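Scroll down for the structure; my scribbles are underneath it.
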2 protein chains.
Amino acid sequence: MIKVSGLKKAYQLGEQKIRALNGVDVDIAEGEFVAVMGSSGSGKSTFMNMVGCLDKPTQGEISLEGERLSDLSVEQLASVRNQKIGFVFQQFNLLARTNALENVMLPLFYSDVDKVEWAGRAKECLEQVGLSDRLSHDPSQLSGGQQQRVAIARAMVNSPRIILADEPTGALDTETGLGVMELFQKLNANGITLMVVTHEPDIAAFAQRQLIFRDGVLISDQRSKPS
Amino acid sequence: MIKVSGLKKAYQLGEQKIRALNGVDVDIAEGEFVAVMGSSGSGKSTFMNMVGCLDKPTQGEISLEGERLSDLSVEQLASVRNQKIGFVFQQFNLLARTNALENVMLPLFYSDVDKVEWAGRAKECLEQVGLSDRLSHDPSQLSGGQQQRVAIARAMVNSPRIILADEPTGALDTETGLGVMELFQKLNANGITLMVVTHEPDIAAFAQRQLIFRDGVLISDQRSKPS
Ligand SMILES: Nc1ncnc2c1ncn2[C@@H]1O[C@H](COP(=O)(O)OP(=O)(O)OP(=O)(O)O)[C@@H](O)[C@H]1O
Ligand SMILES: Nc1ncnc2c1ncn2[C@@H]1O[C@H](COP(=O)(O)OP(=O)(O)OP(=O)(O)O)[C@@H](O)[C@H]1O
Ligand SMILES: [Mg+2]
Ligand SMILES: [Mg+2]
């Protein structure tokens, strides 16, 4: 499903060169549920952005379902992203002055789903994250945790094959966070491949495999029984 | 230091009326360290925004150091906020295309501190949160956790009497988060009054007192020995 080899990413900032990723090799099989951990600044979000076709690596190769990303044009990358991947950003990235329902419908604009079905699908995803009474609120009228749950619903609405979630429970209380992880577990049981960045051990325990980053390299890759 | 009585806040959204706070009474003494907990949407951020002079209550009264906020004009509220309060927002609220040093200097624009001292003070605060090597990065060039630490440094730079921090470790790994809480403990030992919203018990354990919100009211107010 996801094959990463020799992945490097560096940013040039004036004279300073920041090496965010320094050679990452990892294979993720279809239907796996993987947690990504590591200290602040260790390269987790950079790794997810590369796998999620949101940014291009400096070196190395990523293939999704056998397709090498470096062979694709910008338009092809966008189409792979929209068809295959649901993304929950660390900073939510919701559209301002756009209500919850519309934010969740957004990925459907790029899909083949009939326009008539959009509102129904979006409403269903918002129900699954416990927000059926906030459909008409825009982000400034939602709490931090509610905004995060809108971002999670948006990542699910297009029935992606892969969900990449960057600290999806960071703004949620324990109970609400566990509810989201149970939802992810259900999606995973239906065959969706899941990668979740988290720094909370209770959240990582939902995954079958835990990757740990430090200074842009993988220092650990352990399999464990999901709880 | 902070006296809150009969605090209510409601938002009118079309026909829907959202009651975010439904009557909160609490006194916080000078130099106290208080944790604020409760499920997603229970009113924590709304409470902090009211105490932080960022929004006006629908009903009820808040006094800071004996001064009733409802008696103050918009300009006076802004001056109270800038002189007395350091705020760490749940969504960081850093200025885009503005580097870390400048973001941290921002509160000093409204203070009496001599301009010559600004950069030095800001640099010192960024060192205290472990970011002395990221001074020239703007928010888009920082990781989530690094952005949050810039927001924490900004809340400290003006040597406020009160720090209100809304989930200040939400984007940080355990080790980095504990580092921030130790910094807060030091500030509290120097007499600063601290209120920290968190949903992580390890973080709440740093405080002497834990408030718990549910549906816009305080359901618990317990004192405990800080760890
Ligand atoms: N501007 C607004 N307009 C309408 N409703 C709002 C507005 N801001 C907040 N709310 C509602 O008020 C309630 C309380 O929000 P608040 O942000 O205080 O919650 P919170 O306890 O901080 O939650 P979280 O842990 O998710 O950040 C929520 O149900 C939210 O939908
Ligand atoms: N656009 C950029 N320009 C320069 N440096 C960057 C940029 N984006 C990220 N970095 C740097 O790359 C490193 C890795 O960042 P990344 O966002 O991947 O960390 P992270 O593991 O997600 O951290 P966190 O847990 O704090 O979110 C950081 O040190 C950061 O400062
Ligand atoms: Mg990150
Ligand atoms: Mg909040």
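Throughout, a chain's letter reflects where its sequence line sits, starting with A, and its residues are numbered from 1. Here the structure is a predicted model, which means the values were calculated and not measured.
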Within a 6.0 Å radius of atom [atom1] on [X], are there more than 12 heavy atoms belonging to other residues, nucleotides or ligands?
X	atom1	value
B:Tyr11	OH	yes
B:Asp133	CG	yes
A:Lys9	NZ	yes
B:Asp25	CG	yes
A:Glu61	CD	yes
A:Lys8	NZ	no
A:Gln12	CD	yes

Task: chain B contact via A:Gln148 - side chain, backbone, both or neither, heavy atoms under 4.5 Å - done: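 When you check distances to chain B, no heavy atom of A:Gln148 falls under 4.5 Å.
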Task: Portion of A:Gln90 that has a non-hydrogen atom of chain B nearer than 4.5 angstrom - done: side chain
Task: Nearest heavy atoms of B:Asp173 and A:Gly38, plus distance in Å - done: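 Minimum heavy-atom contact is CB-O, 4.0 Å.
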Open item on the list: Here's a test for you: under side chain to side chain contact (heavy atoms under 4.5 Å, CB included), which of A:Ser45, A:Ser40, A:Ser39 qualifies with B:Ser143?
Closed with: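 Output: one option passes, namely A:Ser40.
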Task: Separation between OG of A:Ser140 and CD of B:Gln91, rounded to the nearest 0.5 Å - done: 11.5 Å
Open item on the list: Out of B:Leu172, B:Thr169, B:Thr174, return the one with the most heavy atom pairs under 4.5 angstrom to chain A.
Closed with: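 Between B:Leu172, B:Thr169, B:Thr174, the count favours B:Leu172.
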- [ ] Could you check which of B:Glu175, B:Met37, B:Gln141 has the highest count of heavy-atom pairs closer than 4.5 Å to chain A?
- [x]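 Of the candidates given, the most pairs with chain A belong to B:Gln141.
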Heavy-atom cut-off 4.5 Å, strictly under: side chain, backbone, both or neither for [X] against chain A?
X	answer
B:Leu142	neither
B:Gln16	side chain
B:Thr176	side chain

